[in-house]
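These notes are about the structure you will find just below.
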Amino acid sequence: MAIGALQGVSQGQGFVDRRELYDSGVHRALQAGIVGRGKVGAESIVLSGGYVDDEDYGSVVIYTGEGGRDQNSGRQIANQSFSRGNQALVTSCLEGTPVRLVRKMNVEGNDVSGPKYRYDGLFHVESYWQETGLDGHQVCRFRLVDERAYQGYLGSNSPTELNHSTSARRVESVVQRVVRDTALGRRVKELHDYTCQVCGGRLHCVGGPYAEAAHIRPVGRPHNGPDDLSNLLCLCPNHHVLLDRGALVIDQNWNVQPLATKLRMVDRHKLDPAQTSYHWSIWRNESD
DNA sequence: GGGCCCGCAGGG
DNA sequence: CCCTGCGGGCCC
């Protein structure tokens, strides 16, 4: 029942089997890959290589949700939904709470007695979406980033001062909305005079207006959206969040659904319909 | 607090 | 390859 780091457990620590992981409290399940509750968030996940759709890049992990899987063959035989453990990971994303990540190691040679699992520290659920998996069914997917990588993005000089329960959400926001907010981000905001393309709102702060540059198709793996104007919107914070989390999608006619309002356009800013169509594809089942 | 469902085991 | 199975989450 503990979220975050555990006393007496060090990063990189090995565990012989799932029973030892269970007893240590690192991952309190003998079989399931996700431990956590829908309304509280996830505690821990195990990356075992059992899912064909998983991608492990070290500090970035693309994790496939649970469910719809044939126990024996290991193949997806039904669609997944954002429920159970998948809902727990969504909650971790929305709340910004860290998740313990355990990797199953490929044991070299015949050393059966050695540790088969390794605790690899805390990860943040940066985003979630769904897509058609390699086996042809809808799967839930999660982009997890090593918390140390986050601190690297931020250039933080005191990683240990980060309080996960209170500041992680803000950390995530900074990564998505400020660090990537370069000259291009300023450009798109100037083109729209800091007016939200969804609601037309313009936030007047002391010192000037505030808006956010939002990528339609996310940049970085696995989405690999382009970091250019044709993939950027000028949005207020609320509609930025709703777009990123799939509550808003943009259809072929530039209507924002389910609001049924037209995306506000200006002549000098052309969008690429391929990007809105990609965004649609990863959220089509959730937005109706 | 009991019953039910389900899962990124593990071993034979 | 098959099957037994432990225990968490969740809904009564």
Do any side-chain nitrogens or oxygens of A:R28 fall under 4.0 Å of OP1 or OP2 in C:dG9? yes
So, OP1 or OP2 of C:dG9: does either fall under 4.0 Å of a side-chain N or O from A:R84? no
Any donor-acceptor pair under 3.5 Å linking the side-chain atoms of [Y] with those of [X]?
X: A:H223; Y: A:Y278; value: yes
X: A:Y57; Y: A:E55; value: yes
X: A:Y210; Y: A:E212; value: yes

Length of the line joining [X]:[atom1] and [N]:[atom2], which is rounded to integer Å:
X: A:R18; N: C:dG8; atom1: CZ; atom2: C1'; answer: 12 Å
X: A:L47; N: B:dA9; atom1: CG; atom2: P; answer: 11 Å
X: A:D23; N: B:dA9; atom1: CG; atom2: C1'; answer: 14 Å
X: A:Q80; N: B:dC6; atom1: CD; atom2: P; answer: 14 Å
X: A:D70; N: B:dA9; atom1: CG; atom2: C1'; answer: 15 Å
X: A:N86; N: B:dC8; atom1: CG; atom2: P; answer: 9 Å
X: A:D17; N: C:dG7; atom1: CG; atom2: P; answer: 13 Å
X: A:K116; N: B:dA9; atom1: NZ; atom2: C1'; answer: 10 Å

Assign each of A:Q71 and A:V35 to its nearest nucleotide of DNA chain C by heavy atoms, then name whichever residue's nucleotide is nearer the 5' end. A:Q71
Of A:K39 and A:L30, the one whose closest DNA chain C nucleotide lies more 5':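 It is A:L30, whose closest nucleotide lies nearer the 5' terminus.
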With a 4.0 Å cut-off on heavy atoms, is [X] in touch with a base, just the backbone sugar-phosphate, or nothing at all?
X: A:Y22; result: sugar-phosphate
X: A:G74; result: nothing
X: A:G85; result: nothing

Between B:dC8, B:dG10, C:dC10, spot the one nearest the side chain of A:Y51, thanks.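 Within the option list, the nearest is B:dC8.
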Please pick, from B:dA9, C:dC10, B:dC8, the nucleotide with the shortest atom-to-atom distance to any side-chain atom of A:Y117.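 Taking heavy atoms from C-beta onward, the closest nucleotide is B:dA9.
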With the side chain counted from C-beta on, respond yes when A:L89 and A:F82 share a heavy-atom pair under 4.5 Å apart, and no when they do not. no
A:R100 charged N/C atom sitting above A:Y119 aromatic ring, 6.0 Å / 45°: no
Report the base-pairing partner of B:dG1 (Watson-Crick or G-U wobble, both distances below 3.5 angstrom), or none.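 The base-pairing partner of B:dG1, which may sit in any strand shown, is C:dC12.
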